[in-house]
J.: 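Please see the structure below; I have some questions.
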Amino acid sequence: MGVKITATGHYLPPHVVTNDDLTVFMDTSDEWIQKRTGISQRHIAINENTSDLAAEAAKRILASRNMDATELDFILVATMTPDAQSPSTACKVQEKIGATKAFCFDMNAACSGFIFALSTAMHVMQSGSYQKGLVLGAETMSKIINWQDRSTAVLFGDGAGGVLLEQSAQNYFLAEDLHSDGTRYMSLTADEKAVLHPFQSDAPKGNQYLSMDGRGIFDFVSRNVPETIHQVLEKAACKKEDVSWVIAHQANRRLLEVLSKKVKIPLEKFATNIAQTGNTSAASVPILLDQMIQEGTIQIGSGETILLTGFGGGLTWGSIMMNI
Ligand code: ACO
């Protein structure tokens with residue numbers, strides 16, 4: 001049973017916050033942020049939650065395929081910033097777009113969320129039971145950021161992107177390689193809930209904000225992500241030269257440079273939009289993929305080989321190789 005991506009879409013909330021805007025209330029500078037991260041601006045949601053961004057991306061995906069939402073068998077949303085614990089963000093997207101027959105659920109693998117969700121959805125479809133499904137990555141990172149903490153606040157942005165998967169005679173997914181290491185979970189945490197009940201007086205406190213060991217994450221990505229790129233190439237029996245584009249999670253431009261050097265794939269093949277979007281966590285890979293398709297850099301149906309790779313909190317990391 002084959003599965004292919006037949007449409008893509010993304011939505012960035014209209015409000016743009018530049019590095020200079022941040023200097024108004026934070027001790028930072030455009031120079032520091034650009035030099036350390038490559039980020040010059042990010043989009044921030046005003047009066048929109050994660051499901052609103054995801055629903056807008058979903059509408060754009062369906063419009064580009066001229067398809068009605070009622071045809072969808074499932075909606076899977078990767079997010080670490082859901083609107084609520086319940087209902088899932090995916091169920092709210094279903095309501096907003098009228099996907100009446102879809103089954104809907106969320107997945108959280110932090111910044112690797114879209115890669116993990118795409119793999120899950122691909123396997124769900126390979127069961128043969130479902131014809132069409134949406135895989136979305138959507139985040140409102142702005143609501144879990146401590147805007148007084150310059151070491152994290154400058155890095156993130158909001159947005160949503162996704163793909164439509166459909167069954168096809170040929171399988172377009174070549175290989176995948178997914179990993180987690182919960183022993184290193186403290187490197188990146190967000191919205192940690194306190195255990196609150198009337199039977200315990202000394203309950204541990206939660207922490208609503210994102211907290212990150214920046215150096216630790218940098219080391220983790222530099223060590224573990226080259227391995228997953230090598231692994232997925234090997235599993236797909238592909239050479240580096242076969243890869244047209246590496247679409248990696250957009251955390252930091254310096255990290256892309258490190259990855260390029262370590263895996264010996266030229267930096268020109270590492271697509272990037274980090275300057276305009278910042279780190280949009282689970283949304284970064286599908287936003288970038290759709291932007292490349294919209295500008296004609298990648299064409300659906302071209303058969304080109306692309307390598308998607310994600311890494312983030314959990315810790316989680318992994319890659320997917322596919323023909324597009
Ligand atoms: N503006 C100005 N100065 C700052 C800022 C800021 N926004 N943030 C920190 N500084 C200061 C620090 O206080 C420190 O000052 P000091 O030397 O006087 O103590 C100095 O800059 C250096 O701070 P470091 O944290 O050592 O800076 P570093 O060079 O490590 O860069 C960064 C920080 C960009 C976070 C880097 O560690 C990194 O890229 N880490 C990867 C983590 C990442 O990208 N995470 C994204 C989320 S996780 C994910 O998506 C996988």
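What you see is a predicted model; the values in this text were computed from it and never measured.
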J.: Hydrophobic side-chain clustering at under 4.5 Å (ILVMFWY, transitive links): who's grouped with L136? Put none if nobody.
T.: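 L136 shares its hydrophobic cluster with I61, L62, M67, L72, I75, V77, V93, I97, L134, L164.
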
J.: Ignoring hydrogens and geometry beyond distance, is a side-chain donor-acceptor pair present between T18 and D21 at under 3.5 Å?
T.: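 Judged by distance alone, the side chains do pair up.
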
J.: Please list, chain by chain and in numerical order, all residues satisfying side chain to side chain contact (heavy atoms under 4.5 Å, CB included) with E95, sequence neighbours excluded.
T.: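 Scan of E95 (side chain to side chain contact (heavy atoms under 4.5 Å, CB included), adjacent residues dropped) gives none.
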
J.: Going by the rule side-chain hydrogen bond (donor to acceptor under 3.5 Å, both in side chains), which residues pair with T79 if we only count those two or more places apart in sequence or in a different chain?
T.: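 For T79 the side-chain hydrogen bond (donor to acceptor under 3.5 Å, both in side chains) partners, ignoring immediate neighbours, are T81, E139.
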
J.: Hydrophobic clusters join Ile, Leu, Val, Met, Phe, Trp and Tyr when side-chain heavy atoms are under 4.5 Å apart, directly or via other members; which others share one with M186?
T.: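 Cluster partners of M186: Y185.
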
J.: Go through the side-chain N and O atoms of D213 and S187 and say whether any donor and acceptor fall under 3.5 Å apart.
T.: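 Checked: D213/S187 side chains show no N/O donor-acceptor pair below 3.5 Å.
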
J.: Can S284 and Q250 be counted as having a side-chain donor-acceptor contact under 3.5 angstrom?
T.: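 Side-chain D/A pair, S284 to Q250: absent.
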
J.: Between D158 and T140, does a side chain to side chain donor-acceptor pair (under 3.5 Å) hold up when you go through it step by step?
T.: CA-CA 5 Å; D158 301 334; T140 41; 5.5 Å; no

J.: Under the side-chain hydrogen bond (donor to acceptor under 3.5 Å, both in side chains) test, which residues partner K101, sequence neighbours left out?
T.: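 Partners of K101 under the side-chain hydrogen bond (donor to acceptor under 3.5 Å, both in side chains) test: D73.
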
J.: Do F103 and Y130 have their ring centres less than 6.0 Å from each other?
T.: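 Yes, the ring of F103 comes within the 6.0 Å limit of the ring of Y130, centre to centre.
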
J.: Could you tell me which residues satisfy side chain to side chain contact (heavy atoms under 4.5 Å, CB included) with A110, sequence neighbours excluded, listed by chain and number?
T.: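 For A110, the residues satisfying side chain to side chain contact (heavy atoms under 4.5 Å, CB included) (neighbours in sequence not counted) are M80, N108.
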
J.: For Q208, check side chain to side chain contact (heavy atoms under 4.5 Å, CB included) against everything at least two apart and list the hits.
T.: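 Per chain and number, Q208 pairs via side chain to side chain contact (heavy atoms under 4.5 Å, CB included) with D191.
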
J.: Distance-only criterion, 3.5 Å: show the donor-acceptor pairs between side-chain atoms of residues 294-301 and protein atoms not counting sequence neighbours.
T.:
from : atom 1 : to   : atom 2 : distance (Å)
Q294 : NE2    : D290 : OD2    : 2.7
E295 : OE2    : T297 : OG1    : 2.9

J.: Of all residues at least two apart in sequence or in a different chain, which pass the ring-ring contact (aromatic ring centres under 6.0 Å, His included) check with Y209?
T.: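 ring-ring contact (aromatic ring centres under 6.0 Å, His included) check on Y209 returns nothing, list empty.
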
J.: More than 12 heavy atoms of other residues, nucleotides or ligands under 6.0 Å from NZ of K235: is that the case?
T.: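 Yes.
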
J.: State whether a side-chain donor-acceptor pair under 3.5 Å links N252 with T37.
T.: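 Note: N252 and T37 side chains miss the donor-acceptor criterion.
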
J.: Is there a donor in the side chain of D149 and an acceptor in the side chain of S151, or the other way round, less than 3.5 Å apart?
T.: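 Yes, S151 and D149 have a side-chain donor paired with an acceptor closer than 3.5 Å.
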
J.: Distance only, no hydrogens: is a donor on one side chain within 3.5 Å (strictly under) of an acceptor on the other, for E176 and H123?
T.: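 Short answer, yes.
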
J.: Does the side chain of S51 pick up a donor-acceptor pair with the side chain of N49 at under 3.5 Å?
T.: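 On atom types as modelled, these side chains do not qualify, holding no pair under 3.5 Å.
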
J.: Look at R223 together with E227 and state whether they make a salt bridge at an N to O cut-off of under 4.0 Å.
T.: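 Looking at R223 and E227, the cut-off is not met.
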
J.: With no hydrogens and no angle check, do the side chains of R42 and N19 hold a donor and an acceptor under 3.5 Å apart?
T.: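 R42 vs N19: donor-acceptor pair found between side chains.
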
J.: State whether a side-chain donor-acceptor pair under 3.5 Å links D242 with T305.
T.: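 Judged by distance alone, the side chains do not pair up.
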
J.: With F311, which residues qualify under ring-ring contact (aromatic ring centres under 6.0 Å, His included), at least two apart?
T.: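 Result, ring-ring contact (aromatic ring centres under 6.0 Å, His included) vs F311: H249.
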
J.: V3 and side chain to side chain contact (heavy atoms under 4.5 Å, CB included): which partner among L118, N171, V124?
T.: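 For V3, the side chain to side chain contact (heavy atoms under 4.5 Å, CB included) check succeeds only for N171.
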
J.: For T228, which residues count as a side-chain hydrogen bond (donor to acceptor under 3.5 Å, both in side chains) partner, sequence neighbours excluded?
T.: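 T228: side-chain hydrogen bond (donor to acceptor under 3.5 Å, both in side chains) contacts with D177, S319.
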
J.: Any side chain to side chain donor-acceptor pair (under 3.5 Å) involving residues 61-72? Give me the pairs, sequence neighbours left out, ordered by first then second residue.
T.: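 Sorted pair list: R65-E166, D68-T70, E71-K132.
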
J.: If you take the centroid of each ring, where Trp contributes its six-membered ring, are W317 and F220 closer together than 6.0 Å?
T.: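 Distance test on ring centres: under 6.0 Å, yes.
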
J.: Check whether any side-chain N or O of H43 sits under 3.5 Å from a backbone N or O of P13 as a donor-acceptor pair, and report yes or no.
T.: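 Indeed, once roles are kept as given, a pair shorter than 3.5 Å links the two residues.
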
J.: Output the distance between atom OG1 (T280) and atom CG (L12), rounded to the nearest 0.5 Å.
T.: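 T280 OG1 to L12 CG: 7.5 Å, rounded to 0.5 Å.
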
